[in-house]
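First up is the structure itself, then whatever we jot down about it.
Everything numeric here is computed off the predicted structure, so don't read it as measured data. Remember, it's 1-based here, ligands and their atoms both numbered in the order they're listed. Numbers here simply count residues along the sequence, with the first being 1.
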Amino acid sequence: MSAQLLDGKAVAAQENERTRERVRALLERGVVPGLATVLVGDNPASHVYVANKRKTCKKLGIASVDADLPADASEETLLETVRRLNEDPRVHGLLVQMPLPKHIDEHRVLEAVDPQKDVDGFHPRNVGLLALGRPWMIPCTTMGILRLLERAEVGIAGKNAVIIGRSNIVGKPTALLLLSLHATVTLCHTRTRDLPGLVSRSELVVAAMGKAEAIRGDWIAPGAVVIDVGINRVGEKLVGDVEFASARERASLITPVPGGVGPMTIAMLMENTVTLAERVAGGLS
Ligand code: GUN
């Protein structure tokens with residue numbers, strides 16, 4: 001058996017089309033949705049991600065408000081930038097690209113973002129609401145995973161789901177969301193014992209630990225659904241956290257890298273931005 005591909009690029013294009021319609025409806029009411037992206041320093045991957053976010057905004061008619069700070073910018077300068085964007089009425093969604101340079105306290109920065117503009121869902125208040133099963137803003141990668149599963153009509157309730165990687169950006173929020181949708185969730189990390197055994201007993205596998213091809217294909221249970229969040233550069237090639245070719249032989253559905261979760265994350269960021277603009281405009285969402 002060879003798994004069907006979960007084509008994130010194609011699904012993201014459809015989702016972007018729906019977002020474009022919502023932008024149009026807002027424009028008719030005189031509201032231009034705006035997304036502020038704050039980029040600090042010169043992490044090459046972050047530059048690529050943020051450039052993609054800004055480009056997609058323009059494609060969909062969302063105003064992109066760009067703030068770029070040098071790698072040696074002080075924490076206070078970054079906090080002032082965030083506060084200024086919190087007050088800017090053109091900005092409905094605001095994100096600070098992670099990771100930040102080591103001299104800056106990430107938690108202080110995330111707490112400074114107005115929770116009402118927190119398009120990433122990383123503010124402690126929004127993390128808390130997600131943990132309580134009352135999500136107000138779901139982080140974009142988690143949303144992207146969920147939307148891919150929905151579009152492929154993969155049921156979640158009752159499934160054994162394993163997530164590998166406990167980051168605040170992907171692993172933890174995805175675990176909380178799948179739990180709220182009634183999956184039985186195992187959240188694995190570097191200290192987990194018997195990862196192969198846990199993966200082999202799972203019907204849904206989400207790999208998000210950022211280690212090239214660390215999840216071996218022969219660990220995957222026959223018929224499992226495999227979501228690969230990893231983007232790792234190996235020489236000239238991009239590979240995921242899952243050994244794709246051998247995993248594909250066993251899975252029923254699998255995301256490619258690139259072209260799987262990545263485009264969905266950006267599509268969901270655009271959607272979250274429009275949702276925030278609609279909430280401000282009132283009456284639509
Ligand atoms: N770095 C990697 N993924 C993300 C994300 O979804 N949002 C932000 N702000 N930074 C990231």
Side-chain angles (χ1 to χ4, degrees), residues 8 12 15 34-57 62 64-69 71 73 78-79 81-82 85-86 91-102 104-115 117-127 130 135 137-148 163 165-177 206-211 227-233 238 240-241 255 257-258 260-273 275-276:
E15 303 301 314
L35 174 66
T37 50
V38 183
L39 177 59
V40 187
D42 31 42
N43 179 312
S46 291
H47 271 258
V48 173
Y49 297 149
V50 169
N52 269 330
K53 292 172 184 182
R54 292 172 178 171
K55 193 177 77 189
T56 312
C57 276
I62 296 171
S64 179
V65 179
D66 309 345
D68 296 309
L69 298 179
L78 175 55
L79 290 171
T81 303
V82 168
L85 294 166
N86 282 342
V91 173
H92 300 96
L94 161 54
L95 72 84
V96 180
Q97 187 66 24
M98 301 290 149
L100 289 170
K102 294 227 178 325
I104 295 177
D105 180 348
E106 204 163 279
H107 298 290
R108 280 196 75 194
V109 174
L110 293 177
E111 280 174 39
V113 173
D114 179 349
K117 294 191 176 187
D118 174 28
V119 71
D120 268 329
F122 293 166
H123 187 281
R125 191 169 97 184
N126 291 325
V127 176
L130 179 63
M137 188 63 13
I138 297 171
C140 307
T141 305
T142 298
M143 274 275 281
I145 293 168
L146 178 68
R147 189 63 57 80
L148 266 181
I163 299 164
R166 57 178 155 181
S167 69
N168 292 334
I169 292 179
V170 183
K172 282 185 208 164
T174 303
L176 289 170
L177 188 80
V206 179
M209 74 288 210
K211 221 170 145 214
I227 307 285
D228 192 347
V229 183
I231 303 178
N232 309 288
R233 188 168 290 283
L238 287 184
D241 289 350
T255 57
V257 176
V261 176
M264 290 301 295
T265 297
I266 295 190
M268 295 301 99
L269 173 64
M270 300 299 126
E271 185 173 307
N272 280 354
T273 302
T275 298
L276 291 174

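Looking at atom 11 (C) of ligand 1, its nearest protein heavy atom turns out to be Gln97 NE2, 3.4 Å. Scanning the protein for heavy atoms near atom 3 (N) of ligand 1, the closest one is Ile169 CG2, 3.8 Å.
Residues Gly240 and Asp228 come closest through the heavy atom pair CA-OD2, 3.2 Å. Here the shortest heavy-atom pairing between Pro263 and Gly260 reads CD-O, 3.4 Å. Counting all heavy atoms, side chain and backbone alike, Ser64 lies closest to Arg54 at OG-CG, 3.5 Å. Contact between Thr275 and Met137 at its shortest, heavy atoms only, is CG2-CE, 4.5 Å. Scanning all heavy atoms of the two residues, the minimum distance from Asn272 to Ile138 falls at ND2-O, 3.1 Å.
The shortest N/O to N/O separation between Met98 and ligand 1 falls below 3.5 Å. The shortest N/O to N/O separation between Asp120 and ligand 1 falls below 3.5 Å. Considering backbone and side-chain atoms alike, Thr141 places every N or O at 3.5 Å or more from each N or O of ligand 1.
Using a 4.0 Å cut-off between charged side-chain N and carboxylate O, Glu111 and Arg125 make no salt bridge.
Using a 4.0 Å cut-off between heavy atoms, Phe122 contacts ligand 1 through its side chain alone, with no backbone atom that close.
Interface atoms of ligand 1 facing Val96, defined by a heavy-atom separation under 4.0 Å, are 8 (C), 9 (N).
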